[in-house]
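Accompanying notes for the structure given below.
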Number of protein chains: 2
Amino acid sequence: MEIPRTLKVLWGLEERRNRGPQPALTLDRIVATAIEIADRDGLAALSMARLAERLGSAPMSLYRHVASKDELLVFMQDAAPGEPPMLPPGWRAGLGAWARGLKAVFHRHPWILQVSAGRPPLEPGQIAWLDRGLSAFDGTPLTSRERFQAVMATLYYVRGEAQIFALLLTGEADVADDAYGALIGSLVTADRFPALAAAIADGLFAPEVEDVTFETGLSRLFDGIELLVSTKN
Amino acid sequence: MEIPRTLKVLWGLEERRNRGPQPALTLDRIVATAIEIADRDGLAALSMARLAERLGSAPMSLYRHVASKDELLVFMQDAAPGEPPMLPPGWRAGLGAWARGLKAVFHRHPWILQVSAGRPPLEPGQIAWLDRGLSAFDGTPLTSRERFQAVMATLYYVRGEAQIFALLLTGEADVADDAYGALIGSLVTADRFPALAAAIADGLFAPEVEDVTFETGLSRLFDGIELLVSTKN
DNA sequence: TCCTAACTGCGTATGAGGTACGCATCGAGC
DNA sequence: GCTCGATGCGTACCTCATACGCAGTTAGGA
């Protein structure tokens with residue numbers, strides 16, 4: 001029942017005195033700059049030294065505002081998603097908008113997927129998104145548990161997609177590349193990998209095809225949820 | 001079209017001389033021990049120094065077998081999942097077995113989710129699992145692209161679940177804990193988070209409930225895929 | 001008005017970690 | 001037995017996170 005300092009700060013439960021000099025550094029500015037660095041160059045490129053340099057201060061100055069680098073990462077993770085979007089009416093349109101918004105967040109800030117709070121998620125940003133997702137089912141006959149499971153299934157799907165997407169982004173070669181198709185074609189032989197070889201022979205990695213995998217899979221998932229909703233009507 | 005050294009080793013395309021002393025260290029032993037450490041203590045606890053100590057050698061000796069720590073991580077990631085399971089007949093049972101096998105892999109080796117090859121996935125282990133997943137649809141009327149999208153959707157779902165699971169595991173507090181329910185209940189107020197507050201009031205985080213979220217969501221996804229399959233029959 | 005205590009910025013130093021470089025040793029094939 | 005590629009590893013360097021403590025700043029009380 002002891003609330004960790006990190007959560008106290010995030011929920012605004014920390015009382016503040018105001019003696020001393022005007023702060024040249026603020027938590028908001030530190031977090032925003034750290035997010036910029038992680039977005040542009042990846043989480044591995046974010047060091048306290050580089051961050052301080054970008055802020056025009058000394059590395060140790062950051063520790064007046066942040067207990068550790070790990071705490072900074074939690075602050076970043078909570079701030080980066082921003083407010084969840086307003087959802088259109090109807091659970092399918094609503095949850096679809098929620099899922100696409102979350103996908104955009106993860107694609108813009110792929111490092112979020114590498115951050116662990118070291119504790120079950122209780123940051124206000126995470127909570128706000130979960131609440132918004134659940135609200136998509138307002139007015140439907142689903143129980144609380146069914147709504148939660150549907151939102152979590154969607155979250156799993158979106159996070160998983162974003163994770164794979166992040167893997168594909170790293171490095172110069174792209175899956176959409178001819179080189180990738182050629183390479184995978186030369187390694188995947190029909191005797192060892194019959195199903196995949198057949199798919200490749202079918203043109204699976206042909207470069208011209210537009211990628212709609214995310215939307216297609218999301219439709220499958222939503223179709224399944226729709227079955228559940230309709231049985232309760 | 002240039003195959004990176006890492007892939008050459010994994011696919012067995014590296015020619016080997018055999019002069020010199022009997023190797024005290026082998027790649028297999030290094031990788032297996034590294035996996036043990038990462039499984040037990042997490043990826044952060046895996047350092048070249050600790051690994052060498054566990055192997056009874058000096059840190060720099062490892063670099064005779066591994067180009068860098070990053071390469072070691074790729075080797076680990078490829079070796080840890082092992083062979084994909086044989087699938088029972090029927091796409092739904094088959095893909096279900098595949099998904100549960102993959103879930104078990106990620107739960108046993110959660111650090112896999114933090115490893116990035118820095119390049120689109122071309123390791124033989126990954127390819128073998130993908131091929132096995134696609135094979136679940138042998139005999140169904142789905143096109144190659146539809147099969148691929150169904151398998152990828154399942155992969156997204158499983159990876160996302162494993163990622164959230166890994167987040168919940170870290171730290172001593174558990175979501176199943178009373179303390180977590182009390183804490184989230186005190187932070188989530190109906191005015192700021194109406195949908196979530198209602199769900200909590202409904203007993204969403206009551207500690208006694210068995211967690212079947214993974215299976216439930218997977219059933220939704222498979223229901224949606226089944227709709228697609230049935231329209232093609 | 002002045003003093004004091006809280007608060008800020010930061011210089012120094014420590015220890016962990018990855019790895020480049022080069023030397024010493026080993027042993028299969030000539 | 002000689003040679004040359006392969007192996008093990010000691011040393012050294014660089015990057016990083018961060019503990020500690022000093023010095024400067026300013027709001028609130030005397």
Side-chain angles (χ1 to χ4, degrees), chain A residues 4-6 8-9 14-31 33-34 37-38 41-77 111 114-118, chain B residues 4-6 8-9 14-31 33-34 37-38 41-77 111 114-118:
Chain A
R5 179 201 116 86
T6 308
K8 277 194 185 149
V9 172
E14 195 70 56
E15 71 264 28
R16 292 232 147 262
R17 335 283 168 111
N18 63 339
R19 295 236 189 131
Q22 292 307 313
L25 243 36
T26 64
L27 183 56
D28 285 348
R29 204 159 76 87
I30 292 173
V31 171
T33 307
I37 295 175
D41 304 321
L43 201 55
L46 177 66
S47 71
M48 299 303 270
R50 204 186 304 276
L51 175 57
E53 188 188 24
R54 192 74 67 97
L55 286 164
S57 68
M60 283 314 290
S61 305
L62 304 174
Y63 288 91
R64 284 285 169 210
H65 305 266
V66 149
S68 67
K69 188 182 181 183
D70 282 345
E71 191 183 72
L72 172 64
L73 293 178
V74 174
F75 289 155
M76 290 166 62
Q77 181 194 35
W111 47 267
Q114 303 172 42
V115 174
S116 164
Chain B
R5 179 201 115 87
T6 307
K8 276 193 185 148
V9 172
E14 196 71 48
E15 71 262 30
R16 293 231 148 263
R17 335 287 169 108
N18 65 339
R19 297 240 187 126
Q22 291 308 312
L25 244 34
T26 64
L27 183 55
D28 284 348
R29 205 161 75 86
I30 292 173
V31 170
T33 307
I37 295 175
D41 303 322
L43 200 54
L46 176 66
S47 70
M48 300 302 271
R50 203 187 305 275
L51 175 57
E53 188 188 24
R54 191 76 66 95
L55 287 163
S57 68
M60 284 313 292
S61 304
L62 304 174
Y63 288 91
R64 283 287 168 212
H65 305 266
V66 150
S68 68
K69 190 181 181 185
D70 281 344
E71 191 183 73
L72 172 64
L73 292 179
V74 173
F75 289 156
M76 292 167 63
Q77 182 195 32
W111 48 266
Q114 302 170 43
V115 174
S116 164

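Protein chains get the first letters and strands the later ones, always in sequence-line order, with residue 1 at the start of each. Side chains are part of it too, since the values below use all heavy atoms of this structure and drop only hydrogens, waters and symmetry mates.
Distance check, rounded to the nearest 0.5 Å: NE2 of B:His65 to CZ of B:Arg29 gives 9.5 Å. The line from CG of B:Leu43 to OG of B:Ser47 is 11.0 Å long, rounded to the nearest 0.5 Å.
Listed by residue number, the members of residues 57-66 of chain A with any heavy atom below 4.0 angstrom from DNA chain D are A:Met60, A:Tyr63, A:Arg64. Using a 4.0 Å cutoff on non-hydrogen atoms, no part of residues 42-54 of chain A comes near DNA chain C.
Atom pair A:Leu27:CG and C:dT8:C1' shows a separation of 15 Å (rounding to whole Å applied). Per the geometry, CD belonging to B:Gln22 stands 19 Å off P belonging to C:dT25, to the nearest Å. For the pair A:Ile30 CD1 and C:dG9 P, the interatomic distance rounds to 8 Å; values are reported in whole Å. Counting to the nearest Å, the C1' atom of D:dA17 and the CG atom of A:Asp70 are 10 Å from each other. A:Lys69 places its NZ atom 14 Å from the P atom of D:dA19, with the value rounded to the nearest Å.
Listed by first then second residue, pairs satisfying salt bridge (Lys or Arg N to Asp or Glu O under 4.0 Å) with a partner in residues 46-60 of chain A number zero, not counting sequence neighbours.
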List the steps, then state whether side-chain contact (heavy atoms from CB on, under 4.5 Å) holds for B:Leu25 with B:Leu62.
-> CA-CA 8 Å; B:Leu25 244 34; B:Leu62 304 174; 4.1 Å; yes
Check the pair B:Phe75, B:Thr6 against side-chain contact (heavy atoms from CB on, under 4.5 Å), reporting the backbone distance first and the verdict last.
-> CA-CA 8 Å; B:Phe75 289 156; B:Thr6 307; 3.7 Å; yes
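When atom types are taken as modelled, the side chain of A:Ser61 and the backbone of A:Ser57 share no donor-acceptor pair closer than 3.5 angstrom.
In this structure, the side chains of A:Leu73 and A:Trp111 stay at 4.5 Å or more apart for every pair of heavy atoms.
Each of C:dA28, C:dG9, C:dT19 was ranked by its minimum atom distance to the side chain of A:Leu25; first place goes to C:dG9.
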